[in-house]
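First up is the structure itself, then whatever we jot down about it.
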Amino acid sequence: MKDLNPKQLEAVHTTDGPLLVLAGAGSGKTRVITYRIAHLIETCGFRPEQILAVTFTNKAAGEMKSRVLTMLDPGLRTGSPLISTFHSLCVRILRRNIDKMNAAYTRAFTIYDTDDQLQVVRRIMKDLDIEDKSLTARQALSAISWEKNRGVSPAAYANREQVTDRSEKIARIFKLYEDRLRGSNALDFDDLLIKTVALLRKVPEVRSYYHERFRHVMVDEFQDTNGIQYELTRLIAVGSTEKVHGEEKREALWRERSFCVVGDIDQSVYGFRGSDFNIILGFQHDFEGTRLIKLEQNYRSTQTILEAANGVIAKNQRRLPKNLYATPELGAGEKIGYYQSFDGDGEASFVAEKIQEHLAQSPGTRCAVLYRTNAQSRLFEESLRRRNVSYNIVGGFSFYERAEVKDIIAYLKLAMNPNDDVAMARVINTPVRGIGKTTLEALARQQRDLGLSLWEALAIAVEQRELLSRTITALDAFRKVVVSLGELVAAGETLSEVIKAATMDTGYVRALQEEKSVEAEGRLLNIEELVTAAVEAEEQGESLRDFIDYAALVSDTDQYRADAQVTLLTMHSAKGLEFPVVFIVGLEEGLFPHSRAFESAEDLEEERRLCYVAITRAQKHLYITHAMQRRTWGEELPAEPSRFLNEVPLELLQDMSRGPSWLGFALRPETLHNRQAAAALRGEAPARVKNSSNYTGKTYNSVDGVREFFKQRARSGGEGRGPARRDGAGKRKELASGTGSANDSEFRVGSRVRHSKYGDGVVLRIEGAGEEAKLTVSFPGYGQKKFVAKYAALERV
DNA sequence: TTTAGTACACTTTTT
DNA sequence: GTGTACTAAA
């Protein structure tokens with residue numbers, strides 16, 4: 001405890017009553033939580049099981065768990081505190097108690113991820129014949145989720161005052177969606193929280209069990225909680241959601257008990273999924289006698305980086321004023337590197353080069369590239385790969401999202417809950433068993449008429465024998481496969497045995513082996529990996545149930561490895577992490593801030609908080625970059641510099657661009673004058689702040705500057721773009737002007753080429769000519785791949 | 001019924 | 001650029 005400052009120490013030592021810790025970025029928040037847990041166990045004598053700490057991501061939970069475990073005296077480690085995400089906490093509670101609620105669910109319930117939910121909605125829309133483009137399954141689902149999270153039932157939604165054509169459709173989908181999930185004994189991510197809250201409210205024994213058990217409840221990243229999550233934690237910590245009146249009652253409640261929430265409204269970046277930082281603002285009001293502790297000493301970043309972060313966040317209206325003090329020993333630090341590139345490739349090259357410099361100068365330095373959307377990662381992957389810099393990427397596609405992995409898991413889900421319609425629809429004909437569209441439709445019809453699950457409909461179909469005998473045989477074979485898997489589970493077979501049966505006895509692996517294609521090889525490897533993961537989980541004492549739940553709740557963010565030299569990740573995933581060297585890329589209007597945030601001032605402020613989060617990840621070196629044009633949806637479009645660039649105090653920036661840049665323009669005296677005038681105007685008219693036009697006003701000058709710059713560029717021919725740049729537009733022009741010939745094709749049989757994913761290979765065959773040509777390329781280790789020359793990112797070596 | 005080929009939508013951010 | 005959903009042919 002000696003290395004804590006007085007404020008941190010106060011937070012650790014406050015062990016009775018409600019406690020609100022406002023922790024600025026880099027102020028040692030996780031440290032405080034872990035020390036506090038250790039203190040409660042080692043000094044106050046609470047048993048580890050009496051402590052609950054809730055986080056939002058598995059990553060944060062895992063990190064906290066391991067830090068607590070290494071800190072605890074091994075002698076006192078009789079059990080471990082429950083450190084978990086909201087969702088896994090709910091799964092845990094529901095698996096033990098959901099049947100006590102009498103709500104048609106059993107403890108064998110299945111969890112539906114977003115993909116499963118979409119399948120359900122798509123099917124419903126098909127059944128209801130709602131298939132116009134104005135309402136996509138995705139939109140319907142997000143509307144439903146929004147309503148669910150606000151406690152609106154399908155009936156209440158249907159009876160609302162304003163009924164539009166759209167809302168009427170959604171109401172019908174909503175109703176069926178809930179029915180079908182219930183029929184499949186399935187819960188979606190929202191349900192996990194909603195049903196847990198309902199359970200704790202309805203069943204006093206369950207509520208008091210958890211209330212009595214957890215004497216100390218802690219919530220990390222509290223600014224990201226939504227109403228339901230808040231309710232959940234209150235039900236556990238307080239035993240009710242009522243305000244506790246009267247000094248005496250409060251004292252009785254808080255004796256040897258605490259409710260500690262930690263957060264920072266400037267880092268609230270999950271508004272899109274319903275989080276509401278008004279909850280943190282109202283906390284003291286909800287709990288009389290709340291102890292408030294502010295952690296304002298930043299131990300992470302240099303003075304320069306902090307000033308940049310403060311400069312940006314100061315532009316937000318909706319916030320609590322806050323001071324974040326730098327640690328003098330860390331010094332002012334280097335200026336912030338600014339780079340304007342011609343396009344996305346140029347940006348990626350700059351970043352990769354700088355990373356190489358840093359790694360050469362001080363080997364072992366951890367670098368991170370932060371972007372707004374996952375789609376941006378590709379260019380950085382390519383440029384790093386070209387330079388042989390190994391990297392670690394967080395997000396994108398997860399292992400558990402791969403088709404073959406989901407297939408095997410669907411079999412396991414069916415073994416435990418054959419009524420899981422989504423799982424059933426997924427594997428009933430995988431591998432192919434001759435159960436096609438017609439048969440499925442027949443089953444679906446019966447299902448609808450009799451109100452059954454797909455599984456029950458199948459059993460009846462087999463019995464009635466009204467289908468072709470060949471079909472009946474196929475259906476019965478499938479039924480037997482699932483039944484025998486179910487028997488294994490019922491007999492208490494081990495996780496590894498069941499998963500082996502799910503891969504072998506279903507014929508899944510055999511089908512892949514017979515395919516003998518490269519893709520099948522890859523799938524087999526993934527299945528192998530899944531089995532290995534299951535065996536390892538079993539060694540950790542996990543059951544099949546645990547394993548499946550884990551697969552449903554892990555996100556891509558969890559793949560983060562702290563030891564990697566270079567990490568590529570979104571700004572959202574970067575929350576809670578720190579890196580000596582940080583690149584924030586794609587600072588362009590429409591990308592960051594994202595165009596979806598343009599409509600409302602609130603959303604823009606959330607984007608700005610995201611910018612604040614991104615900047616404060618940096619410890620020593622920070623770079624910000626933007627491109628003059630960027631490829632979106634395959635189209636190269638001009639991009640305007642982000643308004644956030646203008647909000648960083650410009651004197652903190654050092655221009656590393658080749659040639660003239662936006663920054664150079666912004667720093668010209670007359671421009672500066674305009675900026676100051678604009679700033680003064682803003683200061684005089686604070687009432688207009690809510691108007692979003694105010695935001696565009698700030699970048700107005702700079703936008704003009706960019707146009708000017710573009711004009712100049714057109715005349716002078718532009719900055720030095722890399723000679724290796726593949727310019728799709730240029731090629732198209734050549735073709736159009738009639739110069740296209742066989743010569744036009746970059747490739748010949750025998751050419752050596754490089755692909756971003758498969759590495760170096762040799763062209764085996766070319767079909768067609770020019771950019772439409774189809775190339776067959778052999779890659780050592782990956783086999784043969786086919787590409788269309790126009791689309792494949794193939795480079796000649 | 002299956003498969004190959006093509007059209008098309010996709011891009012916030014996460015459990 | 002990429003993955004999925006639909007369509008046409010076998």
Side-chain angles (χ1 to χ4, degrees), chain A residues 54-61 84-91 111-115 117-119 122 126 131 133 136-138 142 145 149 187-193 221 224 226 228-229 268-275 344 370-379 382 394-398 401-403 429 431-440 468 470-471 474 549-550 552-558 569-575 586 590-598 603 606-607 609-610 613-614 630-635 726 728 756-757 774 786-788 790-793:
Chain A
V54 197
T55 64
F56 281 85
T57 62
N58 294 294
K59 175 185 65 190
S84 130
T85 63
F86 272 105
H87 289 82
S88 28
L89 170 67
C90 289
V91 170
I111 302 168
Y112 277 1
D113 63 18
T114 315
D115 211 51
Q117 297 182 64
L118 273 175
Q119 296 300 331
R122 285 206 184 103
K126 203 168 269 177
E131 281 181 277
K133 292 219 169 96
T136 64
R138 220 172 267 275
S142 81
S145 170
N149 275 302
L187 299 177
D188 64 24
F189 285 149
D190 299 327
D191 287 330
L192 292 177
L193 290 154
E221 306 278 13
D224 290 332
N226 64 27
I228 290 177
Q229 290 160 338
S268 161
V269 292
Y270 285 105
F272 68 91
R273 68 169 186 209
S275 83
L370 272 46
Y371 36 77
R372 179 68 235 272
T373 67
N374 277 308
Q376 286 165 262
S377 68
R378 214 189 70 249
L379 290 174
E382 284 170 9
V394 179
F397 51 101
S398 122
E401 275 167 30
R402 295 187 189 168
N429 200 31
V432 284
R433 302 188 167 87
I435 303 173
K437 212 166 108 189
T438 323
T439 314
L440 274 180
L468 287 173
R470 198 181 38 180
T471 312
D549 285 347
Y550 173 78
L553 294 177
V554 283
S555 77
D556 322 324
T557 324
D558 306 325
L569 72 179
T570 64
M571 300 178 198
H572 281 90
S573 325
K575 205 161 92 158
L591 191 57
F592 187 45
H594 196 273
S595 52
R596 296 235 180 162
F598 286 162
D603 288 354
E606 177 150 319
E607 294 283 302
R609 289 192 291 271
L610 190 55
V613 166
R630 184 170 294 275
R631 202 165 180 170
T632 16
W633 284 297
E635 202 80 42
R726 300 177 307 277
S756 59
K757 222 177 248 161
K774 281 183 193 150
K786 280 193 160 192
F787 304 98
V788 177
K790 184 164 61 168
Y791 298 117

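Every chain is numbered from 1 and lettered A, B, ... according to where its sequence line falls, protein lines coming before strand lines.
Each of A:T57, A:V54, A:L193 was evaluated against A:H87; a single residue qualifies, A:L193, per the side-chain contact (heavy atoms from CB on, under 4.5 Å) test.
Nearest-nucleotide mapping onto DNA chain B: of A:L193 and A:R138, the residue sitting toward the 5' end is A:R138. DNA chain B is contacted by both A:S88 and A:H594; A:H594 maps to the nucleotide lying nearer its 5′ end (nearest heavy atom per residue).
The side-chain contact (heavy atoms from CB on, under 4.5 Å) check on A:S275 picks up A:D224, A:S268, A:Y270, with sequence neighbours excluded. With sequence neighbours left out, the side-chain contact (heavy atoms from CB on, under 4.5 Å) criterion links A:A552 to A:I111. In this structure, A:R433 has no salt bridge (Lys or Arg N to Asp or Glu O under 4.0 Å) partners at least two apart in sequence or on a different chain. Evaluation of the side chain to side chain donor-acceptor pair (under 3.5 Å) rule for A:E607 yields A:R372 as partners, not counting sequence neighbours. Judged as a side chain to side chain donor-acceptor pair (under 3.5 Å), and not counting sequence neighbours, A:Q119 has no contacts.
One can find a donor-acceptor pair under 3.5 Å joining the base of B:dT13 and the side-chain atoms of A:R372.
The stacking criteria are not both satisfied for A:Y270 over the base of B:dT14, which would need a centre-to-centre distance under 5.5 angstrom and an angle between ring planes under 30 degrees.
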Could you write out each protein N or O paired with an N or O of nucleotides 2-4 of chain B at a distance under 3.5 Å?
residue : atom : partner : partner atom : Å
B:dT2   : OP1  : A:G434  : N            : 2.8
B:dT2   : OP2  : A:N429  : ND2          : 3.1

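Between the P atom of B:dT14 and the CG atom of A:D188 lies a distance of 18 Å, rounded to the nearest Å. Whole-Å rounding puts the A:R378 CZ to C:dT2 P distance at 6 Å. Here B:dT11 presents its C1' atom at 14 Å from NE2 of A:H572, a figure rounded to the nearest Å. Rounded to an integer number of Å, the gap from A:R273 CZ to B:dT13 P is 13 Å. Distance, A:Y371 OH to B:dT14 C1': 14 Å, rounded to whole Å. The distance from atom CG of A:D603 to atom P of B:dT13 is 15 Å, rounded to the nearest whole Å. The nearest whole Å value for the distance from the CG atom in A:L569 to the C1' atom in B:dT13 is 12 Å. Distance, A:N374 CG to C:dT2 P: 15 Å, rounded to whole Å.
The side chain of A:T136 places no N or O atom within less than 4.0 Å of a non-bridging phosphate oxygen (OP1 or OP2) of B:dA9. In this structure, A:S573 does not reach the B:dT13 phosphate: none of its side-chain N or O atoms is under 4.0 Å from OP1 or OP2. A sub-4.0 Å separation between OP1 or OP2 of B:dT11 and a side-chain N or O of A:S595 is absent.
For the 3.5 Å distance criterion, the side chains of A:S142 and A:S145 fail to qualify, holding no donor opposite an acceptor.
Taking the ring centroids of A:Y371 and A:H572, they lie at or beyond the 6.0 Å cut-off.
A:R122 comes within 4.0 angstrom of the backbone, heavy atoms only, and of no base. Using a 4.0 Å heavy-atom criterion, one finds that A:F86 contacts no nucleic acid atom at all.
With distances taken from any side-chain atom of A:A375 to the nucleotides B:dT11, C:dA5, B:dT14, the minimum falls on B:dT11.
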